[in-house]
Amino acid sequence: MAVVELLLAPLPSHVRTARLVVVAAARRAGLEDGLLDELRLAIGEAASRAVGLHARHAPGTPVSVVVTDGARGLSVEVTDQGPAAGPAVDDVTEELLDSGSDQDDVDPDVALAVVTGLVDDVEVEHGPGGTVVTMRWPLPARSERPGATTAASEA
Amino acid sequence: MAVVELLLAPLPSHVRTARLVVVAAARRAGLEDGLLDELRLAIGEAASRAVGLHARHAPGTPVSVVVTDGARGLSVEVTDQGPAAGPAVDDVTEELLDSGSDQDDVDPDVALAVVTGLVDDVEVEHGPGGTVVTMRWPLPARSERPGATTAASEA
Amino acid sequence: MDLSLSTRTESGPGGDRTVVVVGGEIDVYTAPKLREQLIDLVSSGQYHLVVDMEGVEFLDSTGLGVLVGGLKRVRAHEGSLRLVCTQERILKIFRITGLTKVFPIHSSVEEAVAASD
Amino acid sequence: MDLSLSTRTESGPGGDRTVVVVGGEIDVYTAPKLREQLIDLVSSGQYHLVVDMEGVEFLDSTGLGVLVGGLKRVRAHEGSLRLVCTQERILKIFRITGLTKVFPIHSSVEEAVAASD
Ligand SMILES: Nc1ncnc2c1ncn2[C@@H]1O[C@H](COP(=O)(O)OP(=O)(O)O)[C@@H](O)[C@H]1O
Ligand SMILES: Nc1ncnc2c1ncn2[C@@H]1O[C@H](COP(=O)(O)OP(=O)(O)O)[C@@H](O)[C@H]1O
């Protein structure tokens, strides 16, 4: 089940909101503490990338972030309506040295390279509507999750 | 324009997410610091109310929270699919003394009474789909908002 | 961010008082923990409670409901439940809901422990 | 949560160093402030910078881009940009992106100020 779905106007200030929401939802879902920093950076990069692309190509359209807590673990899906991702950056260092200069926006290809370098399970799908970046993390078995009993009594 | 739209699975743990998101979006929109505590409590009550109603009456349906930064100021709209709100509570103290006992859920009528007691501009509309609670706060003129120049350069 | 709870006993002129120190956020998610704590204390015969709210960062009506529930429980045993709170934003919600008339609210634990009915 | 910036001058064996103390979160929203600060320093003739990242709570690739931009600027004047960072989660992003090979990273401001090329 999608536990949280967030639609954000494409403004840099909302990237932080995306980080807050996704990290809070992941903690709730039981993601182990050691993975929270990785998750925070990954969602930050994916959301900055999408926000940057919309700001240029689809300023009136919100960026979507969906957090799902399912059989395959925790998944975080960031959907943008921007042009397809460029070819995978094979040398992030070079790319940063080239582009890291005076633009205020994130470099979308560098952001994606950081996501794929950081997270083991990442899928990037480009369809006619835009790009969907899906990141997945394993969750502990339900019974071992913090607050499992509370969750049961909530149903 | 809706700046943030949040769909939350109706679980108590997500009420905190709603508070975080709405407070962050309101700061971004320029709501004065003195109103942030009021906003935090109001969105907390409105979201707990909606989450509690869904948990009982529509467990598979998400609660929606929309933050809009428009001509009429900041508006926060919480939509639930629960049964209509009861008659307005006229003595919150009595109601709390009666119901404040052993239920884990929020009392939806007390929550609504706190919202209306707290926020000057509140509208409660019950339609066939459920109840929409809309809360509004004034925003400083755009030019006086923090980050106004940044926002402009973002466009 | 989380709710933290700890208890200790202090003796006052009216007898022993159980001080419950609450920190963090009391909302629909965390309030059940506080309720359990209050129920446990009353079940174990501790009827004079002082709830120190100085570390509370957020309190909503679910939290108020739990405090009211605790008050009812101790009163059923001729006990007392006193609050310690000087934070304006927390006091405000007691004021809005009229609960300032229901709970004795003190500005320090010492004052609450020393108070008698 | 916000980005905080402050600068001071320290003199080392190689001459004066401008220490920029950065705190909070460096992301796509706040990075422009840091870029402006670095540009201002270089424009005013300060070409030997030490950026103290010990108070940084979050850093993303936009932030890295700004640091790289600063490095290019000071190098254009035969200057230097040294980082101070011992936080594992911040070091990790320098490592992932290969920037540990690009920036001299020190474990204290003293060490960075004392270092020479
Ligand atoms: N609505 C909330 N109010 C206060 N604290 C919350 C809320 N939601 C989550 N938290 C707290 O944030 C903490 C982090 O979540 P989690 O990793 O599950 O922690 P824990 O290991 O304590 O269960 C939790 O301990 C939880 O109590
Ligand atoms: N993405 C972000 N990263 C770091 N800090 C942020 C981010 N978004 C907002 N903030 C900070 O939160 C603070 C609160 O916002 P605001 O009330 O606009 O503050 P200010 O008065 O400093 O502009 C801001 O100062 C802002 O820099």
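Keep in mind that the numbers below use all heavy atoms, side chains included, and drop hydrogens, waters and symmetry copies. None of the values given here were measured: they were computed from a predicted structure. Below, chain A is the first sequence line, B the second, and so on; all start at residue 1.
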Distance from B:R16 atom CZ to A:L20 atom CG, nearest 0.5 Å? 9.0 Å
CG/A:L7 to CG/B:L7 distance, rounded to the nearest 0.5 angstrom? 6.5 Å
Name each donor-acceptor pair under 3.5 Å that joins a side chain in residues 123-133 of chain A to protein atoms two or more places apart or in another chain, with its distance.
unit_1, atom_1, unit_2, atom_2, d
A:E123, OE1, A:R136, NH1, 3.3
A:H126, ND1, A:T131, OG1, 2.7

Are A:E5 and B:L6 packed together at the side-chain level, in the sense that at least one heavy-atom pair is separated by less than 4.5 angstrom? no
Which residues satisfy the side-chain contact (heavy atoms from CB on, under 4.5 Å) test with A:L39, sequence neighbours excluded? A:V22, A:V23, A:A26, A:L31, A:L36, A:L74, A:V76, A:W137
